[in-house]
Amino acid sequence: MPAAALKPKPLPTQSTARRSVPLDSPYEPLAKRPLPAGRPREWYVTHNRRLKAMRLAIALLDSGVHMPGQARDETIRSTARLIGVHPPSATTCHMVRALMRYSR
């Protein structure tokens with residue numbers, strides 16, 4: 001008998017569950033550290049936008065939205081409301097879909 005047949009099948013995790021798993025709310029964000037000083041304002045805006053897009057992409061993936069086509073602006077904004085962040089702009093919504101597309 002092959003060794004693979006003797007190994008028990010692992011329990012499904014949140015990423016492999018057949019149906020979506022509700023978000024763990026309220027979630028506790030990590031402690032914030034100050035950003036480095038002396039950069040142009042545009043750097044800070046882009047940095048914060050990327051962080052928000054990553055948070056939203058993770059929340060969407062956890063809630064069962066796995067394809068960028070499923071993540072319309074309304075879906076992303078409702079997820080933002082659910083996890084307690086300000087509603088994202090159209091640019092941030094576009095960035096969320098790009099993150100979901102290139103994470104594979």
Side-chain angles (χ1 to χ4, degrees):
M1 181 176 278
L6 298 175
K7 290 172 67 175
K9 197 170 193 178
L11 294 173
T13 61
Q14 188 161 345
S15 63
T16 60
R18 294 198 188 274
R19 56 190 157 92
S20 64
V21 178
L23 294 174
D24 297 330
S25 282
Y27 89 106
E28 191 72 27
L30 296 173
K32 293 185 178 181
R33 297 187 329 225
L35 293 174
R39 307 246 173 139
R41 184 177 191 284
E42 188 58 35
W43 184 89
Y44 298 104
V45 170
T46 304
H47 176 77
N48 290 329
R49 179 170 284 152
R50 285 181 186 145
L51 289 178
K52 182 186 241 183
M54 282 192 286
R55 282 190 209 105
L56 288 168
I58 291 167
L60 284 166
L61 290 169
D62 286 345
S63 67
V65 178
H66 294 102
M67 302 299 292
Q70 296 172 323
R72 298 191 338 250
D73 286 358
E74 300 82 30
T75 308
I76 296 171
R77 289 189 177 114
S78 67
T79 303
R81 197 169 31 255
L82 182 68
I83 65 172
V85 298
H86 288 285
S89 64
T91 304
T92 306
C93 291
H94 181 75
M95 193 177 284
V96 168
R97 285 187 289 276
L99 283 171
M100 292 175 74
R101 185 174 298 118
Y102 295 115
S103 67
R104 299 179 188 272

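With sequence neighbours left out, the side-chain contact (heavy atoms from CB on, under 4.5 Å) criterion links H47 to L35, W43, L51. Under the rule for a salt bridge (charged side-chain N to carboxylate O under 4.0 Å, His left out), R81 has no partner lying at least two apart in sequence or in another chain.
Side-chain contact between K52 and H86: present, with at least one pair of heavy atoms (C-beta onward) separated by less than 4.5 Å. A heavy-atom distance below 4.5 Å is found between the side chains of M95 and R49. Looking only at side-chain heavy atoms (C-beta outward), L60 and H66 stay at 4.5 Å or farther from each other. Using a 4.5 Å heavy-atom cutoff, the side chains of P88 and L56 are in contact. Side-chain contact between S89 and H94: absent, with no pair of heavy atoms (C-beta onward) separated by less than 4.5 Å.
Going from atom OG1 of T79 over to atom CD1 of I58 covers 13.0 Å, rounded to the nearest 0.5 Å.
Taking each heavy atom of C93 and D73 in turn, the nearest pair found is CB-OD1, 3.2 Å. Scanning all heavy atoms of the two residues, the minimum distance from A71 to M100 falls at CB-SD, 4.0 Å.
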Audit row: L99, R50, side chain to side chain contact (heavy atoms under 4.5 Å, CB included) steps and yes/no: CA-CA 9 Å; L99 283 171; R50 285 181 186 145; over 6 Å; no
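At a cut-off of 3.5 Å, with distance as the only test, no side-chain donor of T75 or S78 sits close to an acceptor on the other residue.
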